[in-house]
Amino acid sequence: MRKHDLFLRSTPENVSWGWIAADRPPVLRVKSGQAVRIDTVTHQGLNTAKDPVAFFGTAGIAPRDVLGDASEIFGKVKRDEGAGPHILTGPIYVEGARPGDMLEVRVLDVEIRVPYGVNSTGPGWGAVPDLLQQAAQKVIKLDLKRNVALFARDVEVPLAPFMGIVAVAPPPALKRVSTKPPGAFGGNIDFKHLVAGSTLYLPVFNEGALLYTGDGHACQGDGEVDGTAIEISLTPTLQLIVHASAGKNMIWPRAEDAANWYSMGMGPSLDDALKQAIREAAGFLQGKGLSAADAYALCSLAVDFRIGEAVNNVQMVYGVIPKHLFRRRPKYWRRRNGAE
């Protein structure tokens with residue numbers, strides 16, 4: 001567990017079920033640069049008629065191993081009609097953040113709260129909605145000592161926990177948006193590289209930025225093609241840093257880790273999302289001193305474009321820009337946008 005300055009629990013008062021809201025009062029205030037450890041609760045096991053103890057009990061999970069806050073949220077928080085499925089913790093008000101700024105979200109740690117998760121799919125779900133004829137919910141147990149998911153006999157999947165949703169509140173004119181489709185504010189980007197050690201950059205639309213997170217995943221492949229990953233309750237530790245005026249020209253979220261910079265693009269189709277991701281990558285490369293033609297060429301020669309998610313109405317494609325291409329590697333999006 002990495003050091004943190006503040007801790008936010010996932011109590012009924014501190015969560016929002018299905019909405020990323022600009023008009024919801026903050027549940028915590030932090031200073032720029034502080035790190036917050038944040039409990040989150042997955043919606044899986046809470047979005048059924050059964051309470052979580054009964055739901056997970058059918059899969060052999062003992063009542064003592066079901067999170068108390070999951071049961072409390074199930075009993076006290078109701079999902080509005082039209083809301084998304086996810087339970088988010090927040091919002092967190094970051095002092096000094098103003099519209100036009102950029103919020104840097106450093107993922108210091110991602111802790112697994114319970115040794116099991118859920119994959120849920122069925123007819124009408126995912127990227128191939130006619131593939132299945134019956135609904136399927138699979139509770140998957142984890143071997144935390146060996147860091148694998150016990151998917152099936154002789155099938156083990158390495159764990160790489162990350163938050164499927166990291167978001168700032170949308171522009172005030174929207175007031176609130178469903179947690180399902182992602183957008184310029186971040187949200188349900190299902191970006192599997194947001195593991196510990198990565199950084200996400202988001203444009204700020206409201207005073208205080210108003211950060212939400214939730215939709216924990218124990219692991220996921222690119223695309224999240226059946227509609228869910230291993231959905232699980234996680235506790236991320238996030239350091240929140242404000243960069244004044246650095247978000248004015250941002251169109252989409254951006255990210256980086258030790259090895260790569262990541263451009264993102266979103267749209268109603270994968271074609272649209274790909275074009276946006278290419279534009280973002282080419283713009284970044286031009287900011288590194290390349291001509292427009294050379295930037296486009298380098299995108300073709302050395303940048304991989306991958307499907308981030310293809311299942312949430314708004315599609316996301318991301319570009320992988322290797323840092324080893326450049327002999328000098330200044331900080332990515334901050335330098336590009338003029339932030340210190």
Side-chain angles (χ1 to χ4, degrees), residues 1-10 14-15 26-42 69 88-97 101-114 117 142 144 147 158-168 185-204 208-220 229-230 232-243 246-247 253-262 264 318 323 329-335 339-340:
M1 182 176 69
R2 295 291 296 271
K3 181 180 178 182
H4 58 277
D5 301 294
L6 298 160
F7 179 39
L8 181 60
R9 297 184 182 278
S10 49
N14 291 344
V15 301
V27 298
L28 182 70
R29 297 178 73 98
V30 305
K31 296 178 181 178
S32 178
Q34 287 188 310
V36 189
R37 186 167 174 254
I38 307 166
D39 275 350
T40 69
V41 171
T42 181
D69 43 353
L88 306 184
T89 306
I92 298 171
Y93 187 103
V94 186
E95 294 180 6
D101 292 348
M102 178 175 68
L103 185 66
E104 177 182 351
V105 182
R106 295 183 182 178
V107 184
L108 303 184
D109 196 11
V110 185
E111 302 168 61
I112 292 175
R113 299 187 68 190
V114 291
L142 313 181
L144 298 181
N147 202 41
L159 301 180
F162 72 97
M163 303 311 300
I165 295 179
V166 181
V168 294
F185 50 86
N188 194 23
I189 57 176
D190 292 324
F191 184 56
K192 74 173 190 176
H193 296 284
L194 284 184
V195 296
S198 66
T199 300
L200 179 69
Y201 301 97
L202 298 169
V204 173
L210 302 176
L211 181 109
Y212 294 82
T213 191
D215 189 31
H217 295 165
C219 62
Q220 179 204 293
I230 296 183
I232 192 170
S233 298
L234 299 176
T235 299
T237 299
L238 307 178
Q239 185 181 16
L240 307 177
I241 302 170
V242 176
H243 298 281
R254 304 156 180 168
E256 70 172 300
D257 57 24
N260 303 299
W261 296 299
Y262 300 101
M264 297 184 193
Y318 67 94
K323 290 183 176 181
R329 293 187 280 178
K331 279 292 183 179
Y332 179 26
W333 303 113
R334 285 174 284 169
R335 288 278 174 93
E340 296 300 326

Is [X] reaching over with its side chain to a backbone N or O of [Y], donor-acceptor style, under 3.5 angstrom?
{"X": "Asp5", "Y": "Ala35", "answer": "yes"}
{"X": "Asn14", "Y": "Arg9", "answer": "yes"}
{"X": "Thr235", "Y": "Glu111", "answer": "no"}
{"X": "Thr40", "Y": "Leu234", "answer": "yes"}
{"X": "Arg113", "Y": "Val41", "answer": "no"}
{"X": "Thr213", "Y": "Val166", "answer": "no"}

In Å, rounded to the nearest 0.5 Å, how long is the span from [atom1] of [X] to [atom2] of [Y]?
{"X": "Arg106", "Y": "Ile241", "atom1": "CZ", "atom2": "CD1", "result": "3.5 Å"}
{"X": "Gln239", "Y": "Lys3", "atom1": "CD", "atom2": "NZ", "result": "11.0 Å"}
{"X": "Thr199", "Y": "Trp261", "atom1": "OG1", "atom2": "CH2", "result": "13.0 Å"}

Student check: side-chain heavy atoms of [X] and [Y] closer than 4.5 Å:
{"X": "Asp215", "Y": "Asp190", "result": "yes"}
{"X": "Met264", "Y": "Leu200", "result": "yes"}
{"X": "Ile38", "Y": "Ile92", "result": "yes"}
{"X": "Leu238", "Y": "Leu211", "result": "yes"}
{"X": "Leu210", "Y": "Tyr93", "result": "yes"}
{"X": "Asn147", "Y": "Pro158", "result": "no"}
{"X": "His217", "Y": "Lys192", "result": "no"}
{"X": "Pro161", "Y": "Ile232", "result": "no"}

**Request:** Pick out which of Asn260, Val105, Asp257, Leu108 makes a side chain to side chain contact (heavy atoms under 4.5 Å, CB included) with Ser198.
**Result:**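 Of the listed residues Asn260, Val105, Asp257, Leu108, the side chain to side chain contact (heavy atoms under 4.5 Å, CB included) partner of Ser198 is Asp257.
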
**Asked** Given Phe7 and Asp39, is the side chain to side chain contact (heavy atoms under 4.5 Å, CB included) satisfied, shown in steps?
**Response** CA-CA 8 Å; Phe7 179 39; Asp39 275 350; 3.4 Å; yes

Closest heavy-atom pair and its distance - [X], [Y]:
{"X": "Val242", "Y": "Ser32", "answer": "N-OG, 2.9 Å"}
{"X": "Ala229", "Y": "Cys219", "answer": "CB-O, 3.2 Å"}
{"X": "Ala258", "Y": "Lys323", "answer": "O-CD, 3.6 Å"}
{"X": "Thr89", "Y": "Ser10", "answer": "OG1-CB, 3.9 Å"}
{"X": "Ala97", "Y": "Ala209", "answer": "CB-N, 3.8 Å"}
{"X": "Ala218", "Y": "Leu142", "answer": "CB-CD1, 4.4 Å"}

**Axial cation check for Tyr201 ring with Arg254, 6.0 Å and 45° limits** =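 Here Arg254 fails the 6.0 Å and 45° test against Tyr201.
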
**Request:** Run the ring-centre check on Tyr318 versus His193 and record whether the distance is less than 6.0 Å.
**Result:**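 For Tyr318 and His193, the ring centres are under 6.0 Å apart.
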
